[in-house]
Amino acid sequence: MKNSEIADVLDGIADVLEFEGDNVFKINAYRKVARRIREIPEDIEQLYQSGQLSKIPGIGKNIAEHIEEYLKTGSISKYRELLSRVPSTFVEMMKIPNLGPKTLKLLYEHFKIQTIEDLKNVLEKPEAINLPGMGEKKIQNIKNGIQLYLTKRTHQRISLGIALPVVDEIVKYMKQVCKDISPCGSLRRMKETIGDIDILCTADNKDKVVKRFISYPGVQSIIAEGETKSSIIVKDHMLQIDLRVVEPESYGAALQYFTGSKEHNIKLRTIAKEKGLKISEYGVFKGEDRIAGKSEEEIYKIFGMPLIPPELREDRGEIEAAIAGKLPHIIKYDDVKGDFHIHTNYSDGISTIEEIVKKAIEMGYQFIGLCDHSQTSKFAGGLNVERLRERNKEIDRIARKYPQIKIFKAAEVDILGNGEMDYPDEILAELDFVIGSIHQGFKKNVTERMIKAMENRYVDIIGHPTGRLISSREGYEVDIDKVIEYAAKTGTALEINAYYDRLDLNDVNAMKAKEKNVMIAIGTDAHNIKMMEYMTLGVAVARRAWLEKSRLLNCYDWKKMPVKRNK
DNA sequence: GCCGTTTTCGGCCCGACTGTTTTCAGTCG
């Protein structure tokens with residue numbers, strides 16, 4: 001799919017136009033389309049071929065032509081031409097915090113800077129300070145921005161699973177001086193990766209809040225300490241945390257506003273305007289009167305909508321659905337009755353079967369799927385047939401001790417280089433269900449091998465179907481659309497692997513799977529009992545993909561396992 | 001650049017913070 005490539009180029013065009021001081025609305029038009037293309041589940045190339053490009057709101061004659069040119073030639077002449085008018089490392093320099101297009105242009109025109117190195121040198125010159133609008137502090141801020149950019153470049157956005165505990169700790173720390181407190185932004189929307197983090201609170205003594213915040217033990221540096229907004233960077237992953245203190249009567253409005261997404265809010269504002277209302281982080285206003293603001297429910301109610309779950313707030317049709325009363329009843333965090341993918345200490349996990357079972361009971365589960373690796377995965381302590389049977393006997397023994405929970409004797413079986421499974425069918429038949437996973441040959445006919453695996457009646461689930469690692473790996477060379485198509489055809493479920501660095505399927509692909517009526521199974525891929533708690537992340541992906549309970553094997557349909565053999 | 005059950009022209013979300021100014025521009029979210 002070329003969606004993100006094209007989105008990047010359109011954003012690039014917007015960047016240069018901004019640098020040149022072009023019409024802001026024109027710039028926004030490009031940005032809107034870029035964002036939209038990045039988010040839609042459909043393949044932009046297919047939309048183009050079926051003549052449906054113009055159906056995407058925001059794409060008119062011009063941008064449609066740009067997209068067509070990109071699809072045909074791999075680049076856009078307008079963008080090439082624009083780039084020839086700016087410094088050579090323009091694209092990078094635009095990402096430096098505190099340095100916007102206007103300042104960059106000012107420095108470029110006076111000093112002809114070409115690289116970040118040039119920029120650094122120029123900032124040391126006394127002439128720079130004397131430019132109109134420049135000053136000592138501004139120079140220092142840009143220098144800090146460069147520093148931040150260079151350190152952040154390697155790990156720009158961070159996985160939700162990393163950010164959540166960091167934020168939990170800060171929230172706990174701040175609770176002492178706050179009345180209400182909640183994270184907002186992409187973290188509250190449970191996006192798979194998080195940039196900056198916003199925390200919102202109310203308090204009797206605002207001063208106390210700011211003071212406590214900037215003296216948080218994990219603080220690396222303080223960026224701002226205003227009356228309503230303070231920002232710090234914490235040592236933990238160099239995350240930037242913004243804290244806002246608001247009045248109680250605006251808490252709901254602020255929570256709504258700062259949770260975003262930006263696109264969701266813009267749509268909401270447009271609707272407000274149509275109704276002669278004004279919505280801001282302070283509330284919904286009719287003239288001078290605040291008619292809502294204390295709670296989020298109140299705000300959505302004004303516009304004739306039920307509360308939209310934060311995970312859906314991406315302007316992917318949720319506002320229209322809410323108005324029409326057709327918001328789906330997406331899965332809730334406690335709807336999950338078990339975990340399909342847990343490794344025991346028989347292969348490369350470190351927890352015993354009994355420890356896992358106890359943890360599962362504590363989590364309120366009705367079932368768990370114990371999935372150790374198969375024989376070829378030697379690096380992961382894969383079980384040969386004999387060990388597998390030993391493990392299964394042990395499971396039977398533990399199962400008699402804990403009759404309140406169903407323990408599936410399952411396995412994560414390698415899909416081999418030729419598409420065969422790593423155990424013969426008669427062994428697979430001894431298992432309660434089978435997850436088929438690719439662990440080797442990431443570039444070798446992955447799509448065909450997965451299809452062959454799905455055609456096997458013992459393979460119920462395809463594990464981590466794209467193989468991506470958020471922090472470090474692109475994933476397999478796989479045609480995910482084709483995999484989804486065959487999953488539908490063969491009745492095979494696809495996994496949402498909830499391990500924090502995988503989240504695979506992601507929300508966009510899970511949405512596609514939903515459209516084709518493919519069943520989804522969430523598994524944590526836990527290697528110890530602590531990791532079983534990553535289930536939250538998997539459910540978040542499902543929620544963001546608009547999945548209802550009926551689409552997830554984890555809710556009531558787990559009893560149908562093994563789904564294909566039981567058909 | 002896009003868009004339109006009042007519009008093919010005239011709109012397009014809006015406020016806070018910072019720093020440089022002395023009323024505002026740039027940046028951010």
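Sequence lines set the chain letters: A, B, ... in the order given, protein chains first and strands last, and positions in each chain run from 1. Quick caveat: nothing in here was measured; it's all calculated off a predicted structure.
Of the candidates dC13(B), dC2(B), dG19(B), the closest approach to any side-chain atom of N62(A) belongs to dC2(B). Closest contact between the side chain of I63(A) and the listed nucleotides dG1(B), dT18(B), dG15(B) involves dG1(B). For N141(A), the side-chain atoms get nearest to dG19(B) when compared with the rest of dG19(B), dC12(B), dA16(B). Side-chain proximity of Y30(A) to dG1(B), dC13(B), dG15(B): nearest is dG1(B). Side-chain proximity of S280(A) to the nucleotides dG15(B), dC2(B), dT27(B) is greatest for dG15(B). With distances taken from any side-chain atom of E281(A) to the nucleotides dC12(B), dT20(B), dG15(B), the minimum falls on dG15(B). Counting only heavy atoms from C-beta on, Y282(A) has its side chain closest to dA16(B) among dA16(B), dG1(B), dC13(B).
Annotation: cation-pi pair K72(A)/Y70(A) absent, no NZ/CZ under 6.0 Å from the ring centroid and within 45° of its normal.
The P atoms of dC28(B) and dT23(B) are separated by 26 Å, rounded to the nearest whole Å. Of the C1' atoms belonging to dC9(B) and dG15(B), the separation is 28 Å, rounded to the nearest Å. Distance noted for atom P between dT6(B) and dC2(B): 24 Å (whole Å). Rounded to a whole angstrom, the distance from the P atom of dT22(B) to that of dA16(B) is 24 Å. Across dA25(B) and dT21(B), the matching C1' atoms stand 9 Å from one another, rounded to whole Å. Comparing dT7(B) with dG11(B), their P atoms are spaced 15 Å from each other, to the whole Å. Nucleotides dC13(B) and dT8(B) have their C1' atoms positioned 24 Å apart, rounded to a whole Å.
When the nearest nucleotides of DNA chain B are assigned to K26(A) and K137(A) by heavy-atom distance, the more 5′-ward of the two goes with K26(A). Between I279(A) and A224(A), it is I279(A) whose nearest contact on DNA chain B lies nearer the 5' terminus.
Straight-line distance from the CG atom of N23(A) to the P atom of dC9(B): 17 Å, rounded to whole Å. When the C1' atom of dT27(B) is taken as reference, atom CD of Q140(A) falls 17 Å away, rounded to whole Å. Spacing between atom CE of M134(A) and atom P of dG19(B) amounts to 13 Å, rounded to whole angstrom units. Rounding to whole angstrom units, CD of residue E225(A) and C1' of dT18(B) are separated by 13 Å. Distance CG (L268(A)) to P (dC14(B)): 12 Å, rounded to an integer number of Å. Taking atom CD on E274(A) and atom P on dG11(B), their separation rounds to 16 Å, with Å as the unit. Rounding to whole angstrom units, NZ of residue K229(A) and C1' of dG29(B) are separated by 7 Å. Distance K95(A) NZ to dG29(B) P: 15 Å, rounded to the nearest Å.
Contact annotation for K138(A): backbone-only contact, meaning every heavy-atom pair under 4.0 Å involves sugar-phosphate atoms and none involves a base. Note on P97(A): only backbone sugar-phosphate atoms sit closer than 4.0 angstrom, heavy atoms only; bases stay farther off. Across all strands, K32(A) comes closer than 4.0 Å to no nucleic acid atom at all (heavy-atom distances).
Residue K267(A) has no polar side-chain atom (N or O) positioned under 4.0 Å from OP1 or OP2 of dC13(B). Neither OP1 nor OP2 of dC28(B) sits under 4.0 Å from any side-chain N or O of K262(A). Contact annotation: N28(A) does not reach the phosphate of dG1(B) (side-chain N/O to OP1 or OP2, under 4.0 Å). T103(A) has a side-chain polar atom (N or O) that falls below the 4.0 Å cut-off from OP1 or OP2 of dT27(B).
Scanning all heavy atoms of the two residues, the minimum distance from P87(A) to Y108(A) falls at CG-CD1, 3.4 Å. Looking at every heavy atom in both residues, E18(A) comes nearest to P101(A) through CG-CG, 3.6 Å.
For NZ of K120(A), the number of neighbouring non-hydrogen atoms (other residues, nucleotides, ligands) closer than 6.0 Å is 12 at most.
Judged purely by atom type and a 3.5 angstrom limit, S250(A) has no side-chain atom pairing as donor or acceptor with the backbone of A253(A).
Residue-to-nucleotide contacts include a donor-acceptor pair under 3.5 Å from the side chain of Y257(A) to the base of dG29(B).
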Given N121(A) and E117(A), is the side chain to side chain donor-acceptor pair (under 3.5 Å) satisfied, shown in steps?
CA-CA 6 Å; N121(A) 293 333; E117(A) 210 47 44; 4.9 Å; no

When you look at D180(A) and T202(A), which way does the side chain to side chain donor-acceptor pair (under 3.5 Å) test go after all the steps?
CA-CA 5 Å; D180(A) 302 297; T202(A) 62; 3.2 Å; yes

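Nucleotide dC24(B) is matched to dG19(B) when pairs are restricted to Watson-Crick or G-U wobble geometry with both distances under 3.5 angstrom.
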